2 protein chains.
Amino acid sequence: MDNTTPPQPFKRIFGDANDSTTLAQRVVEQLRALIMEGALPPEYQLPNEPDLATALNVSRSTVRSALTILEQGGFIQRRWGVGTFIAKSPPTYNNLSINSGVTQLIRSSGAEPGHTEFLMVTRPASEHVANRLSIEPGAPVVVLERVRLANQRIVVFCLDILPQALFQNSTGMIPLAEIEEYIRENQSMYTFIRERLGKEIHHGIAWIRPLTAEAYLAEKLAIPRGSSVLHLEQVDFSVDEEPLALTDEYYVPDAFTFYIYRSS
Amino acid sequence: MDNTTPPQPFKRIFGDANDSTTLAQRVVEQLRALIMEGALPPEYQLPNEPDLATALNVSRSTVRSALTILEQGGFIQRRWGVGTFIAKSPPTYNNLSINSGVTQLIRSSGAEPGHTEFLMVTRPASEHVANRLSIEPGAPVVVLERVRLANQRIVVFCLDILPQALFQNSTGMIPLAEIEEYIRENQSMYTFIRERLGKEIHHGIAWIRPLTAEAYLAEKLAIPRGSSVLHLEQVDFSVDEEPLALTDEYYVPDAFTFYIYRSS
DNA sequence: TCGGCTTAGATGTCTGACAACGACGCATTA
DNA sequence: TAATGCGTCGTTGTCAGACATCTAAGCCGA
């Protein structure tokens, strides 16, 4: 109806990039970014598929493949014979179906991320950890423990656990101090895995459950003992299902509003 | 590797059906069912796309469209130049990304569903409810309240809230008693909406948070006061984003293990 | 024994065409 | 006048065939 505001910053996509990702995937990423940053408003009707294809410099099949993925994720809605529209309320970063890190979650809520109690150690993997990461019990893992802040306020207690074997560089082991420095600066485990280890996180599986804060956790989160916190235990995988990281996150109640898009 | 066990009950798909769904969607449903009931085991390599297309009696583009959707949902994994495989651990019904009802959730855990405290009333919508359902505050809604059992054990307290306007039949209003009888028998709100109202639930959006059980809830769930319960508030939509039902679910801690597939 | 080349088979992309659907306008009819 | 039916047009869905690109595996030679 109010399609009178036509912003269309569709960028041409070049196939020469040795991105190792597929063309359709790059189209998805571009459109998803445009939607999530609000450049394409809700209910806005996209150009039809042939036009979109030429605008993006790809074929219609590639565009259709990308649109199928976006539709499945709840970003757009397609109506046969009518057109393709941005969803009424497309997913945001507090949508659990999107595997964004805590840093991005905090930023998207309009707050500035920070941390206290930054701690990084190496220790042998427990039975449970080893099982989740598909490594041998007792194999060394790097543990990163953080209490994380949004605008100075404690919102989540994080535990990132990675197999030490991941940090094997061609020249040997990356020193812990270097990792620590990087993360202190960029605040993100995800970007470290991608930029320094050259591994791409393809998807994650998160177990979710409520938990009653006992003494230790209550102190970490600075909440009354006995409060209900949300526990998110997540394993992140590479594209070929190799476990890259195990993450334990304990969220202060009502710090964020999480939701999930459930397709029938 | 161990593709020596080749089960292939792919059924030919006929286009003559006036299903109103697309062909690709029907392919998705068939394959998803085969995967979830275990007919296609994890890591099993599917036939290549042209063969699958002829087996299903559709074109390769349709198959590819379906496979894209299944891949996005974590059911299969495609490797360029290699083949298409069932995922190592494909989603099950306790995956929150799949919009299955509580009945199916209980059944899939191997338990027999039941209920106590079955209660059905009509009342005016509160501000919050009206907002969620996109109706006027004070408009009548049908409320279904159930304490639900898995093998006689209390697992969840459910509140289903539907706009009364939905029950307007061509011959007038469907009597509450008839609805009640149907649900007592089939135990499922979802199938009622589909079979009796002719509306199809296309997707849902669920807000998830931990909650401390106060006196009322503790009694309903027969747990100690102060326990942490999981609260799932969900709105189900039709394909054109019309809100059909609002559902409040309060889960007994550790009754189910929920997880989420998070794609990056 | 190792390394590079070739080849076969799979998914990814492109092109062009037609089918099916939905909104809209218009003429017809009660 | 208002409701109804029909045709047109634009869009998404499906089909067909071809080629590109990637992977794994086998072959061959150094």
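Just so you know, these numbers come straight off a predicted model, no measurement behind them. Note that these values count all heavy atoms, side chains included, but never hydrogens, waters or copies made by symmetry. Every chain is numbered from 1, with letters handed out A, B, ... down the list of sequences.
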- Message: I'd like to know if A:Glu241 pairs up with B:Lys88 as an ion pair, taking the criterion as any Lys NZ or Arg NE/NH1/NH2 lying under 4.0 Å from an Asp or Glu carboxylate oxygen.
- Response: no

Measure from [atom1] on [X] to [atom2] on [N] and round the result to the nearest Å.
| X | N | atom1 | atom2 | value |
| --- | --- | --- | --- | --- |
| A:Asp240 | D:dC22 | CG | C1' | 15 Å |
| A:Leu46 | D:dG10 | CG | P | 19 Å |
| A:Arg79 | D:dG10 | CZ | P | 19 Å |
| A:Leu70 | D:dT12 | CG | C1' | 16 Å |
| B:Leu52 | C:dA10 | CG | C1' | 13 Å |
| B:Glu49 | D:dT21 | CD | P | 18 Å |
| B:Phe85 | C:dT11 | CZ | P | 8 Å |
| A:Gln25 | D:dC22 | CD | P | 16 Å |

Taking only side-chain N and O atoms of [X], does any of them lie within less than 4.0 angstrom of OP1 or OP2 on [N]?
| X | N | result |
| --- | --- | --- |
| B:Arg78 | C:dG12 | yes |
| A:Thr62 | C:dC14 | yes |
| A:Asn48 | D:dG10 | no |
| B:Ser61 | D:dG13 | no |
| A:Arg64 | D:dG13 | yes |

- Using a cut-off of 4.0 Å on non-hydrogen atoms, how would the nucleic acid contact of B:Arg60 be classed: base, sugar-phosphate, or nothing? base

- For A:Ser65, report the nucleic acid contact type (base, sugar-phosphate, nothing); a contact means any heavy atom under 4.0 Å. nothing

- Within the 6.0 Å centroid threshold, strictly below: B:Phe237 and B:His203: yes

- Message: Can you confirm whether the side chains of B:Asp160 and B:Thr247 place a donor and an acceptor under 3.5 Å from each other?
- Response: yes

- Item | Minimum-distance nucleotide (side-chain atoms of A:Ala24 versus D:dA24, D:dT12, C:dT13) |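 Closest nucleotide among those given: C:dT13.
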
- Message: Side chain of B:Ser59 only, heavy atoms from C-beta on: which candidate in D:dT14, D:dT12, C:dT13 is closest?
- Response: D:dT14

- Item | Closest-nucleotide 5' rank along DNA chain C - winner of A:Thr22 and B:Gly81 |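 Looking at DNA chain C, the more 5' nearest nucleotide goes with B:Gly81.
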
- Message: Pick the closest DNA chain C nucleotide for B:Trp80 and for A:Val63 by heavy atoms, then say which residue is nearer the 5' end.
- Response: B:Trp80

- Task: Starting from the C-alpha separation in whole Å, work towards a yes-or-no answer on salt bridge (charged side-chain N to carboxylate O under 4.0 Å, His left out) for A:Glu71 and A:Arg64.
- Result: CA-CA 10 Å; A:Glu71 180 183 36; A:Arg64 278 188 61 74; over 6 Å; no

- May I ask you to check whether over 12 heavy atoms, not counting those of A:Glu37, lie within 6.0 Å of atom CD?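 Above 12, so yes.
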
